[in-house]
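Report on one structure; see the data block that follows.
As the structure lists them, so they are numbered: ligands from 1, and atoms in each ligand from 1. What you see below is based on every heavy atom in this structure, not just the backbone, and it leaves out hydrogens, waters and symmetry mates.
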Amino acid sequence: MVDHKINEIDIVKVEKSRVNEVDFDKIDFGRVFTDHMFVCDFVNGEWQQPKIMPYQPMTIEPSARVFHYGQAVFEGMKAFKDNSDNVFLFRPEDNHERINKSAARLAMPEFPKQYFLNGLTELLKLDKAWIKSGVGNSLYIRPFIIAIEPAISAAPANTYRFMIICSPAKAYYTGKVRVLFAEKYSRSADGGVGFAKAAGNYAAQFYPTSLAQKKGFQQVIWTDANTHEYLEEAGTMNIFFRINDTLITAPTNDRILDGITRKSIIQLAKDNDISVEVRRISVSEVKEAANNGTLKEIFGTGTAAVISPISAFEHAEKVFELPDVEKSYATLLKQELLNIQHNLTEDKHGWRLDV
Ligand code: COI
């Protein structure tokens with residue numbers, strides 16, 4: 001690999017920031033982007049000189065492989081600001097590790113860690129004014145890699161582009177989420193790409209999710225493709241079930257995303273002496289618990305979604321409404337997570353990275 005000195009990112013700054021044009025109280029997730037973006041191309045087997053430049057449209061040939069074969073992987077991460085104007089990333093090394101696992105599965109080159117972390121840091125320094133302090137505010141960060149080689153034979157590309165764009169964010173889901181348990185469609189299969197943050201995993205969910213939305217459910221909880229009996233993940237979130245006082249979530253495998261919020265919540269639950277079982281959980285177990293009153297909560301976890309309580313689920317045309325619960329685990333764990341992310345509490349697991 002060419003040893004570019006990473007501090008030598010080529011930087012072109014905007015002439016005038018757009019930050020004052022944005023109404024931060026009225027932010028729709030993922031529609032407004034900060035002043036700058038990070039770009040690094042992979043050419044002739046090497047990552048080239050990284051660049052930061054004003055956020056702008058780019059020219060890619062219509063024959064670029066990403067448009068034809070979907071060689072595209074991404075990450076979701078967030079930066080937070082505390083009340084003293086310090087900026088923090090949350091577990092960024094885990095995102096780096098995961099984008100490289102995703103990339104390897106799609107026959108794409110891995111991106112060097114030093115480039116990833118320095119690129120993020122430099123970008124956040126430039127776009128710091130876009131990060132608002134206060135719990136509930138964050139900057140959503142979207143690193144991604146696409147195959148840009150102009151060639152349409154069905155083979156992995158030789159040229160790629162790694163980029164980072166950033167978008168100020170508030171809540172992803174407002175209010176409680178109603179979900180449908182998948183009975184027909186599948187998100188992923190054994191040996192497939194379900195564990196990867198591959199763009200196609202999301203596209204494949206849009207149609208079945210739109211059918212669920214027509215019935216009044218925002219999300220589908222995907223079940224295993226073989227039997228549709230075991231609950232896996234919601235596509236934008238990993239899923240936790242609270243039966244009595246135990247939290248249960250599916251083990252990660254090659255069908256399920258290894259969520260960074262998921263594993264943080266497992267740790268925080270343990271820190272609070274909440275019993276956690278990482279094991280397969282079946283539709284019948286959840287329905288039985290709903291019927292006998294032991295199903296106390298269902299919630300999703302994800303970077304964008306944070307923790308989203310689920311208020312109802314449907315399976316086999318029957319709707320199960322979850323009653324409101326006192327001392328909700330979702331509320332407790334969300335608060336603890338946000339307190340760590342916003343530097344309001346001790347970070348005993350070393351999850352924050354001071355930018
Ligand atoms: C994230 O939580 O970062 C995700 O990737 C979900 C996204 C599709 C908004």
request  = Would you indicate whether the side-chain heavy atoms of F67 and I60 approach each other to under 4.5 Å?
outcome  = yes
request  = Could you find the nearest protein heavy atom to atom 7 (C) of ligand 1 and give me its residue, atom name and distance?
outcome  = R142 NH2, 3.8 Å
request  = Return yes when atom CG of D23 has more than 12 non-hydrogen atoms of other residues, nucleotides or ligands closer than 6.0 Å, and no otherwise.
outcome  = yes
task = Please indicate whether R31 has more than 12 foreign heavy atoms, meaning atoms of other residues, nucleotides or ligands, lying under 6.0 Å from its CZ.
result = no
Atom 8 (C) of ligand 1: the protein heavy-atom neighbour that sits closest, reported with distance to 0.1 Å = Y202 CE2, 3.6 Å
ask   = What protein heavy atom sits nearest atom 1 (C) of ligand 1, and how far away is it?
value = Y140 OH, 3.3 Å
ask   = Among protein heavy atoms, which lies nearest atom 5 (O) of ligand 1, and at what distance?
value = K197 NZ, 2.6 Å
ask   = Is K113 atom NZ crowded by more than 12 heavy atoms from other residues, nucleotides or ligands, each under 6.0 Å away?
value = no
query = Looking only at N/O atoms, are T303 and ligand 1 under 3.5 Å apart anywhere?
reply = yes
ask   = Which atoms of ligand 1 are found less than 4.0 Å from any heavy atom of F74?
value = 5 (O)
remark   = Restricting to heavy atoms, the pick from A169, G76, A304 nearest atom 2 (O) of ligand 1 would be A304
message = Less than 4.5 Å apart, side chain to side chain, heavy atoms only: is that true for K287 and F320?
response = yes
ask   = What is the ring orientation for Y172 with F29, classed by angle as parallel under 30°, tilted 30 to 60°, or perpendicular over 60°?
value = perpendicular
ask   = Are any of the N/O atoms in Y172 less than 3.5 Å from those in ligand 1?
value = no
